[in-house]
Amino acid sequence: MDRNQQMLDLMALGPVIPVLVIEEADQAVPLAQALVAGGLRVLEVTLRTPVALECIARIAADVPDAIVGAGTVNRPIDADAARQSGAKFLVSPGATAALLDEMDKTHLPYLAGAVTASEVLGLLERGLTALKFFPAEPAGGINYLKALAGPLPEIRFCPTGGIDLAKAKQYLALPNVPCVGGSWVVPKEALAAGDYARIETLAREAASLTP
């Protein structure tokens, strides 16, 4: 199975991919366990903190039901570092030729970010039909994705950026959106307080959304 199909399959596993910013490595495993218990298995740990790679490694080792990936893969060097830490997929906010080449070398499925029709076409030329749409709300949101669906019906997007539960429902009603990415499932204050029961409840609510 090719990596693009693998990514499409991952996108089909749940309507929401939590976008996680983890400041303390000890939070990683209980957070992932709460999300999985709530029905969200595909998790994106963003490379925005010094402990992100360690968090990916801990989740990969200790939460077998989770499928953990690395987000905010901005530099070519990030791709292999994430792979070595145990990431099962990669997510980048945009795409350059050098970054795409390095993500290809990892042999992992990935979501490359695109906004404009030209960016989408460039990724389509590389055989990619599973893409990230970022930043979703500032870039035009639901109406923008509706417009792209006409000339680009084969593309499937995971919109991320400014999405909450209510907006997620609207995005998931689009035929070209099998899932969304969002951080609302893990409120900063809940994570800081170790309120994993609340996070599990929010995950269950998100998992119940219908694409």
Side-chain angles (χ1 to χ4, degrees), residues 1-21 42-48 52-53 56 67-142 144-149 151-163 168 171-172 174-183 211:
M1 183 184 298
D2 68 44
R3 281 171 289 156
N4 183 70
Q5 185 58 52
Q6 290 176 357
M7 195 67 240
L8 289 168
D9 291 345
L10 287 177
M11 293 167 77
L13 289 178
V16 178
I17 298 176
V19 178
L20 309 177
V21 181
V42 182
L43 313 178
E44 175 189 337
V45 176
T46 63
L47 303 183
R48 301 181 192 177
L53 291 173
I56 291 170
I67 302 171
V68 62
T72 320
V73 176
N74 293 343
R75 305 169 300 165
I77 195 173
D78 294 335
D80 193 59
R83 181 194 63 78
Q84 292 188 47
S85 295
K88 298 298 187 288
F89 65 96
L90 307 173
V91 184
S92 64
T96 67
L99 180 57
L100 291 167
D101 287 344
E102 286 302 310
M103 290 198 291
D104 280 336
K105 289 178 184 177
T106 67
H107 301 291
L108 295 175
Y110 60 83
L111 282 173
V115 174
T116 68
S118 292
E119 290 170 347
V120 174
L121 288 173
L123 294 169
L124 184 59
E125 287 177 357
R126 297 179 76 113
L128 301 174
T129 62
L131 307 181
K132 175 173 179 169
F133 179 66
F134 175 84
E137 284 292 288
I142 291 167
Y144 196 100
L145 286 176
K146 284 181 179 178
L148 288 179
L152 297 161
E154 67 271 55
I155 305 297
R156 294 295 176 266
F157 292 99
C158 176
T160 305
I163 298 175
Y171 277 99
L172 291 166
L174 301 177
N176 55 350
V177 176
C179 67
V180 303
S183 58

I'd like to know if the side chain of Arg48 and the backbone of Val45 have a donor-acceptor N/O pair within less than 3.5 Å. no

What's the shortest heavy-atom distance between Ala114 and Leu123, and which atoms? CB-CD1, 3.8 Å

If you take the centroid of each ring, where Trp contributes its six-membered ring, are Tyr144 and Phe133 closer together than 6.0 Å? yes

Go through the steps for Asp101 and Arg126 under the test salt bridge (charged side-chain N to carboxylate O under 4.0 Å, His left out), then give the verdict. CA-CA 10 Å; Asp101 287 344; Arg126 297 179 76 113; 2.9 Å; yes

Hits for side-chain hydrogen bond (donor to acceptor under 3.5 Å, both in side chains) against Lys105, two or more places apart or cross-chain, chain-then-number order -> Glu102

Tightest non-hydrogen contact, residues Val73 and Met103, listed as CG1-SD, 4.3 Å

Roughly how far apart are Leu111 CG and Ser92 OG, rounded to 0.5 Å? 8.0 Å

Contacts of Asn4 that satisfy side-chain hydrogen bond (donor to acceptor under 3.5 Å, both in side chains) - sequence neighbours left out: Thr129

Does Gln84 reach the main-chain N or O of Ala81 with its side chain, forming a donor-acceptor pair under 3.5 Å? no

Which heavy atom in Ala79 sits nearest to a heavy atom in Leu90, and how many Å separate them? CB-CD1, 4.0 Å

Taking every heavy atom of Cys158 against every heavy atom of Gly181, the minimum-distance pair comes out as SG-N, 3.5 Å

If only side-chain N and O atoms count, and only distance matters, is there a donor-acceptor pair under 3.5 Å linking Tyr110 with Gln6? no

